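Here is the structure we will look at, set down as structure tokens.
All residue numbers in this chain count up from 1 along the given sequence. Here the structure is a predicted model, which means the values were calculated and not measured.
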Amino acid sequence: MTEPELVMVDAVPSPALRPYVTRLTAYRETPAHPLTRNEAAFPGAVLILGLGAAMEVGGVRVTSFAAGPGDRFTTTRTSRTTDGVQVHLTPFGARRLYGLPMRHLANTVVPVTDVLGPLAEPTVTRLAETPSWHDRLALVDRLLRERILAGPELGPQVPWAWAKLVRSGGRVRVSALAEALGWSHRHLVARFHDEVGITPKTAARVIRFGRAAALLRAGTPIADVAGACGFYDQAHLNREFRALAGTTPGQIRPRPGAPRRAH
């Protein structure tokens, strides 16, 4: 069976963006046949500035869109060439970029006009008029930098708690975070809903899954991954992978037709 052709070019976000943008990628994919994928949950948000055909994402037909953080996988379907720029944002990057409480985007896909407003259409038009992928990435970097740094300021507490969760692989106790901040559990949850979009417990779950998936892709045996990441047992690991990625630990590996990197 002929595999889809997926070409990607990454750019390192400019220094001012690095607390807010974890990946900046130009892409083009030409499917050889109608293509369905399950996109795993991950601890952040996605912005797609699409220039090609529309695709179905979570049951919504979109070309340019934003997807918030969540606790489930998202199914995408496409049958025609798609291209554009993909931005992986931290929750705090998305919060400042969109100027919205992140709870409104949790487990949700919305057209880009819903989050970028009047900026959306001219941005996509300028990208379409820019033939060089590297120039497209530079353009998006500049626009993100201007918009994010002009966005609402965030206090240090939730980013601190988030960093603790990430560094621990999702294993630090939520009660310990609340105690360290001098907050009640209820207040910590409310602030996470506003700035991250999901609860600290859910964030820990998604972070733990991400660490487990990375270890599996690196070749770590499944039983060792379950123990290293704090799952009760292998059955627990299997349930989490089905819920968060629509797959099993044994199926986690580089996709067939791995993307070709352009230089």
Side-chain angles (χ1 to χ4, degrees), residues 13 15-23 40-47 66-74 87-110 114-116 144-145 147-215 226-232 236-237 239-241 243-245:
L17 279 182
R18 289 174 199 168
Y20 307 110
V21 176
T22 59
R23 188 176 181 189
F42 85 103
V46 174
L47 172 66
D71 60 355
R72 64 200 69 168
F73 65 89
T74 301
V87 184
H88 280 194
L89 297 150
T90 68
F92 314 106
R95 177 69 177 86
R96 297 195 69 180
L97 177 64
Y98 304 144
L100 296 171
M102 289 301 293
R103 63 179 178 273
H104 295 313
L105 292 178
N107 288 310
T108 300
V109 174
V110 298
D114 287 6
V115 290
L116 294 185
L144 289 172
R145 189 167 64 247
R147 174 99 174 201
I148 287 175
L149 298 183
E153 294 282 352
L154 304 176
Q157 296 91 342
V158 176
W160 175 87
W162 176 263
K164 285 283 190 180
L165 282 172
V166 171
R167 284 197 296 269
S168 72
R171 301 190 69 175
V172 65
R173 291 182 297 111
V174 175
S175 59
L177 296 174
E179 183 179 354
L181 290 168
W183 288 355
S184 68
H185 182 271
R186 178 179 294 182
H187 185 64
L188 178 61
V189 168
R191 289 288 298 272
F192 254 71
H193 268 142
D194 180 70
E195 297 183 27
V196 177
I198 51 180
T199 68
K201 183 177 180 180
T202 299
R205 181 183 172 207
V206 176
I207 290 166
R208 180 177 57 190
F209 158 77
R211 183 182 177 217
L215 288 173
C229 295
F231 293 94
Y232 300 127
H236 180 208
L237 178 73
R239 289 194 302 272
E240 289 293 86
F241 269 71
L244 296 174

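- The line from CG of Asp194 to CG of Leu154 is 8.0 Å long, rounded to the nearest 0.5 Å.
- Within the 4.5 Å cutoff, no side-chain heavy atoms of His104 are placed close to those of Tyr98.
- Of all heavy-atom pairs between Pro91 and Pro43, the closest is CD-O, 4.2 Å.
- Closest of all the heavy-atom pairs between Leu165 and Ala203 is CD1-CB, 4.2 Å.
- Across every non-hydrogen atom of Ala16 and Arg145, the tightest pair is CB-CD, 4.0 Å.
- When side chains are defined from C-beta on, Leu215 counts as touching Cys229, because their heavy atoms get closer than 4.5 Å.
- Atom CG of Leu188 and atom OG1 of Thr199 lie 9.0 Å apart (nearest 0.5 Å).
- Inter-residue side-chain proximity for Pro159 and Glu195 is flagged as met; some heavy-atom pair is nearer than 4.5 Å.
- Side chains of Tyr232 and Leu237 form no contact here, defined as non-hydrogen atoms less than 4.5 Å apart.
- Between Arg147 and Arg96 the shortest side-chain heavy-atom distance does not fall below 4.5 Å.
- Here the side chains of Val206 and Pro69 are not in contact, with every heavy-atom distance at 4.5 Å or above.
- Minimum heavy-atom separation, Gly93 to Leu89: C-CD2, 4.2 Å.
- Here the side chains of Leu181 and Val158 are not in contact, with every heavy-atom distance at 4.5 Å or above.
- No donor-acceptor pair under 3.5 Å is formed between the side chain of Arg205 and the backbone N or O of Glu240.
- Taking the six-membered ring for Trp and thresholds of 30 and 60 degrees, Trp162 and Phe92 have ring planes more than 60 degrees apart, a perpendicular arrangement.
- In this structure, Ala94 and Met102 approach most closely via the heavy-atom pair CB-CE, 3.6 Å.
- The structure places CZ of Arg103 at 8.5 Å from NE2 of His193, a figure rounded to the nearest 0.5 Å.
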Q | Steps toward ring pair (Phe, Tyr, Trp, His ring centres under 6.0 Å) verdict (Phe209, Phe241) | A | CA-CA 7 Å; Phe209 158 77; Phe241 269 71; 4.8 Å; yes
Q) Where do Val87 and Leu97 land on the side chain to side chain contact (heavy atoms under 4.5 Å, CB included) test, with the steps shown first? A) CA-CA 12 Å; Val87 184; Leu97 177 64; over 6 Å; no
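- In Arg18, the CZ atom is crowded: over 12 heavy atoms of neighbouring residues, nucleotides or ligands sit closer than 6.0 Å.
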Q) What's the verdict on side chain to side chain contact (heavy atoms under 4.5 Å, CB included) for Trp183 and Leu177, showing C-alpha distance, side-chain angles and the deciding distance? A) CA-CA 8 Å; Trp183 288 355; Leu177 296 174; over 6 Å; no
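- Under a 3.5 Å cut-off, the side chain of Asp71 and the backbone N or O of Ala41 do not form any donor-acceptor pair.
- Side-chain contact, Arg173 with Ser175: a donor N or O sits under 3.5 Å from an acceptor N or O.
- Counting heavy atoms from C-beta outward, Pro152 and Arg95 have side chains that approach closer than 4.5 Å.
- For the atom pair Phe192 CZ and Lys201 NZ, the distance stands at 14.0 Å (nearest 0.5 Å).
- Counting only distance, with no hydrogens or angles, the side chain of Thr202 and the backbone of Pro200 share no donor-acceptor pair below 3.5 Å.
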Q: Take Val46 and His88 through the test side chain to side chain contact (heavy atoms under 4.5 Å, CB included) and record every step on the way to the result.
A: CA-CA 5 Å; Val46 174; His88 280 194; 3.8 Å; yes
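- Closest of all the heavy-atom pairs between Ala106 and Ile198 is CB-CG2, 4.4 Å.
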